[in-house]
Peer 1: 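Structure incoming, see below.
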Amino acid sequence: MLLERGDIANSWRHERWDSLRLLTPNWQTRLPGFHYDGPDPDGYMTMGEVVEFIDRFAAFSRAPVRTRTAVTGVARDGDGYQVTTTNGEFRCRTLVIASGACNRPHVPAVHDAIPPFIRHVTPFDYRNPSQLPEGRVLVVGPSATGVQLAAEIHRSGRPVTLSVGEHVRLPRTYRGRDVLWWMDAAGVWDQRHDEVDDLTRARRLPSPQLVGTPERATLDLNALSDVGVELVGRLSAVRDGRALFSGGLRNTFSLADLKMERLLDTFDEWASTSGRALDVGPPERFPATRVPPSSRLQIDLTRGDYSTIVWATGYRPDYSWLQVPVVDEKGHLRHVGGVVESPGMYALGLPVLRRRKSTFIHGIEDDARDVTAHLVGFLGSAASTIS
Ligand SMILES: Cc1cc2nc3c(=O)[nH]c(=O)nc-3n(C[C@H](O)[C@H](O)[C@H](O)COP(=O)(O)OP(=O)(O)OC[C@H]3O[C@@H](n4cnc5c(N)ncnc54)[C@H](O)[C@@H]3O)c2cc1C
């Protein structure tokens, strides 16, 4: 039984902004036994198209979904779990937590010190720039959400300042192919959780600076500077109405550039060793991220020129309904490769759950197969213990 608090494809229907398209290309948008079959394999789906894709998959897979059924409690009960919902009580022997990694926006504590007349917007509230008051906008966070919203709000005519901390820089295309094609081909997406050097860090990595557009445009910090978005350092504190930014932009940029170069080296190496070098264009290297000649270290938010702060500072899962003690002090589920620290409890769809691709749509098939195999084994051994 599959319990969903809203509708099928709920997060794509209700928790995304209007202009969002997938950053993964259509050919990569696949679910078990089901893949994109439209005329534009290299394009990027709009939210309406994603909803239609998942609706069609639900019909194709005949998934036993009960919609409008929010899980409000899960407690250990004998050799299974008692599940309380808005639509009745259930008991189950095994339970898979697939409630998503991005249930709520994460807003840092400095938020409390922002002057009261400034409007706070999170990616869950934001739909399009027409909702925002006139005036300058401070976007905090330079990952996929932050760069996309900074670009869109800037296009609407509002001056935008983007506060930049650690980020993952990627070109949209490399040697003539989508950069995510390279991740796939070179085996980066398939890297397993038990092969990753620092798993905790890998699980906290921000999303790459990518956007899906028909032009396959790169949306890195140079592209944003070119159109006039102001870049400042990481927001470190707000004191007496002043937002204070760290001064290490040069280091932050160099680190992101270096990591991108290393990844491109991995792609080049794969192309030559796999004999595919002639199927792709020649190796490319991209200009370093330009450091602004003088980046502001503070902004006086009390002056009234900034009207809005957009918190593009990441997302968090929500396990407030889970009464089994399997969540750590940071709010993350304790699990090894999707096997949660409670008998018969599993997870899917979390960052680097079993592979680097685990939180992406195309990542679910391999993870689900592995986790299901463990679950079936658990039920089998439980049955043999009983008999
Ligand atoms: C802004 C954004 C852009 C993204 N872009 C891409 C992209 O381009 N390509 C890509 O592959 N991935 C992308 N992702 C990641 C994307 O979220 C996952 O690929 C995919 O949605 C994961 O599916 P899921 O079913 O694990 O989680 P979700 O889509 O979050 O689904 C979880 C479901 O559980 C339901 N739920 C939660 N709590 C309860 C409860 N207590 N009771 C009942 N139901 C509950 C929710 O309503 C939701 O429908 C993006 C994520 C975000 C936030």
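Just so you know, ligand 1 is whichever comes first in the structure, and atom 1 is the first atom listed for that ligand. Please read these numbers as outputs of a predicted model, since none were measured by experiment.
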Peer 1: In the protein, what heavy atom is nearest to atom 35 (C) of ligand 1, and what distance, to one decimal place, separates them?
Peer 2: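 For this ligand atom, the closest protein heavy atom is Glu4 OE1, 3.3 Å.
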Peer 1: Pull out every atom of ligand 1 sitting under 4.0 Å from any heavy atom of Thr359, numbered as shown with elements.
Peer 2: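 By the 4.0 Å cutoff, the relevant atoms are 15 (C), 16 (C), 18 (C), 19 (O).
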Peer 1: If you take all heavy atoms of Val51 and Ala9, which pair is closest and at what distance?
Peer 2: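 Closest approach of Val51 to Ala9: CA-CB, 4.2 Å.
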Peer 1: Can you find a protein heavy atom closer to atom 47 (O) of ligand 1 than 4.0 Å?
Peer 2: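 When distances to the protein are checked, atom 47 (O) of ligand 1 has a heavy atom within 4.0 Å.
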Peer 1: At a 4.0 Å threshold, what atoms of ligand 1 neighbour a non-hydrogen atom of Ala70?
Peer 2: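 Heavy-atom distances to Ala70 below 4.0 Å select 42 (N), 43 (C).
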Peer 1: Look only at the side chain of Arg175 and the backbone of Gly281, and say whether a donor-acceptor pair between them is shorter than 3.5 Å.
Peer 2: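 Such a contact is found between Arg175 side chain and Gly281 backbone.
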Peer 1: Under a 4.0 Å N-O cut-off, is there an ion pair linking Asp194 with Arg192?
Peer 2: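 So Asp194 pairs with Arg192 through a salt bridge.
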Peer 1: Using modelled atom types only, decide if a donor and an acceptor are shared between the side chain of Arg91 and the backbone of Asp77 within a distance under 3.5 Å.
Peer 2: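 Between the backbone of Asp77 and the side chain of Arg91 there is a qualifying donor-acceptor contact (under 3.5 Å).
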Peer 1: What I want to know is whether Gly6 and ligand 1 share at least one N or O pair that is separated by under 3.5 angstrom.
Peer 2: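 In fact, backbone or side chain, Gly6 has no N or O that close.
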Peer 1: Just to be sure I'm reading this right: ignoring hydrogens, which of Ser358, Gly349, Ser99, Ala347 gets closest to atom 32 (C) of ligand 1? Compare them by their nearest heavy atoms.
Peer 2: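 Among Ser358, Gly349, Ser99, Ala347, the closest heavy atom to atom 32 (C) of ligand 1 belongs to Ser99.
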Peer 1: Determine yes or no for a side-chain-to-main-chain donor-acceptor pair under 3.5 angstrom, with Arg262 supplying the side chain and Asp257 the backbone.
Peer 2: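 Looks like no, no N/O pair under 3.5 Å.
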Peer 1: Hey, does Arg21 come in under 3.5 Å of ligand 1, counting only N/O atoms on both sides?
Peer 2: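 Among all N and O atoms of Arg21, none is under 3.5 Å from an N or O of ligand 1.
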Peer 1: Taking the side chain from Arg68 and the backbone from Thr86, do they hold a donor-acceptor pair closer than 3.5 Å?
Peer 2: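 Side chain of Arg68 to backbone of Thr86: no pair is present.
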Peer 1: How far is atom 41 (N) of ligand 1 from the closest protein heavy atom, and which atom is that?
Peer 2: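 Going atom by atom, the protein heavy atom closest to atom 41 (N) of ligand 1 ends up being Val71 O, 3.1 Å.
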Peer 1: For atom 3 (C) of ligand 1, grab the closest protein heavy atom and report residue, atom and distance to one decimal in Å.
Peer 2: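 Atom 3 (C) of ligand 1 sits closest to the protein heavy atom Leu20 CD2, 4.1 Å.
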Peer 1: Could you tell me whether Asp7 and ligand 1 have an N or O pair separated by under 3.5 Å?
Peer 2: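 Between Asp7 and ligand 1, no N or O pair is found under 3.5 Å apart.
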Peer 1: Using a plain distance cutoff, I'd like to know if Arg5 has any nitrogen or oxygen under 3.5 Å from a nitrogen or oxygen of ligand 1.
Peer 2: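 Min N/O separation from ligand 1 is below 3.5 Å for Arg5.
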Peer 1: Of all the atoms in ligand 1, which lie at a distance below 4.0 Å from a heavy atom belonging to Trp12?
Peer 2: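 Contacts of ligand 1 toward Trp12, numbered from 1: 4 (C), 5 (N), 6 (C), 13 (C), 14 (N), 16 (C), 20 (C), 21 (O), 50 (C).
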Peer 1: Strictly below 4.0 Å, N to O, side chains only: are Asp125 and Arg119 in salt-bridge contact?
Peer 2: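 Result for this pair is no, no salt bridge flagged.
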Peer 1: Would you call the rings of Phe34 and Phe60 parallel, tilted or perpendicular, taking 30° and 60° as the class edges?
Peer 2: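 Answer is tilted, since the angle falls between 30° and 60°.
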Peer 1: If you count the atoms of ligand 1 from 1 in the order shown, which ones are under 4.0 Å from a heavy atom of Trp321?
Peer 2: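 The atoms of ligand 1 under 4.0 Å from a heavy atom of Trp321 are 41 (N).
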Peer 1: Determine the minimum heavy-atom distance between Arg93 and Leu379, stating which atoms define it.
Peer 2: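 Minimum heavy-atom contact is CG-CD2, 3.6 Å.
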Peer 1: Identify, by atom number and element, the atoms of ligand 1 in contact range of Ala98, meaning under 4.0 Å from any of its heavy atoms.
Peer 2: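 Near Ala98, the atoms of ligand 1 are 32 (C), 34 (O).
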Peer 1: Yes or no, since that's all I need: does a protein heavy atom fall within a distance strictly under 4.0 Å of atom 44 (N) of ligand 1?
Peer 2: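 True for atom 44 (N) of ligand 1.
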Peer 1: With a cut-off of 4.0 Å, which atoms of ligand 1 are near a heavy atom of Leu3?
Peer 2: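 Per the distance check, 43 (C), 44 (N).
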Peer 1: Okay, side chain of Ser307, backbone of Glu134: is any donor-acceptor separation there less than 3.5 Å?
Peer 2: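 Yes: the side chain of Ser307 pairs with the backbone of Glu134.
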Peer 1: Report yes if His362 has an N/O atom closer than 3.5 Å to an N/O atom of ligand 1; otherwise report no.
Peer 2: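 No, no N or O pair falls under 3.5 Å.
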Peer 1: Please list the nearest protein heavy atom to atom 27 (O) of ligand 1 with its residue and the distance rounded to 0.1 Å.
Peer 2: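 Result for atom 27 (O) of ligand 1: Gly100 CA, 3.5 Å.
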Peer 1: Run the salt-bridge test on Arg285 and Asp265 with the 4.0 Å N-O cut-off and return the result as yes or no.
Peer 2: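 Yes, charged N to carboxylate O under 4.0 Å.
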Peer 1: Heavy-atom distance to atom 8 (O) of ligand 1: which of Leu210, Leu23, Leu2 wins?
Peer 2: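 Result: the heavy atom closest to atom 8 (O) of ligand 1 is in Leu23.
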Peer 1: Can you find an N/O atom of Thr24 closer than 3.5 Å to an N/O atom of ligand 1?
Peer 2: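 N/O-N/O distance under 3.5 Å: yes.
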Peer 1: Which pair of heavy atoms, one from Tyr44 and one from Leu22, lies closest together, and at what distance?
Peer 2: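 That would be CB-O, 3.2 Å.
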Peer 1: In terms of residue, atom name and distance, what is the protein heavy atom nearest to atom 11 (O) of ligand 1?
Peer 2: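 Atom 11 (O) of ligand 1 sits closest to the protein heavy atom Ile361 N, 2.7 Å.
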Peer 1: In terms of side-chain geometry, is the basic nitrogen of Arg172 or Asp178 positioned less than 4.0 Å from the acidic oxygen of its partner?
Peer 2: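 Answer for the salt bridge query: yes.
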Peer 1: Closest heavy-atom contact between Tyr319 and Ser99?
Peer 2: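 Result for this residue pair: CE2-OG, 4.1 Å.
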Peer 1: Could you tell me the residue and atom name of the protein heavy atom closest to atom 1 (C) of ligand 1, and the distance to it rounded to 0.1 Å?
Peer 2: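 The closest one turns out to be Tyr315 OH, 3.7 Å.
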Peer 1: Show the atoms of ligand 1 that are less than 4.0 angstrom away from any heavy atom in Thr69.
Peer 2: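 Checking each atom against Thr69, I get 43 (C).
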Peer 1: Out of Arg13, Met45, Arg16, who gets a non-hydrogen atom closest to atom 51 (C) of ligand 1?
Peer 2: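 It is Arg16 that holds the nearest heavy atom.
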Peer 1: In terms of side-chain geometry, is the basic nitrogen of Glu4 or Arg13 positioned less than 4.0 Å from the acidic oxygen of its partner?
Peer 2: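 Arg13 and Glu4: not salt-bridged.
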Peer 1: Which class fits the ring pair Phe267 and Tyr174: parallel under 30°, tilted 30 to 60°, perpendicular over 60°?
Peer 2: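 Phe267 vs Tyr174 ring planes: tilted.
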Peer 1: Under 3.5 Å, N or O to N or O, is Thr145 touching ligand 1 that way?
Peer 2: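 N/O-N/O distance under 3.5 Å: no.
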Peer 1: Identify the protein heavy atom lying closest to atom 10 (C) of ligand 1, giving its residue, its atom name and the separation to 0.1 Å.
Peer 2: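 Minimum-distance protein heavy atom for atom 10 (C) of ligand 1 reads Phe360 CD2, 3.5 Å.
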Peer 1: Note the single closest protein heavy atom to atom 31 (O) of ligand 1, along with its residue, its atom name and the distance in Å.
Peer 2: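 Of every protein heavy atom, Ser11 OG, 4.2 Å lies nearest to atom 31 (O) of ligand 1.
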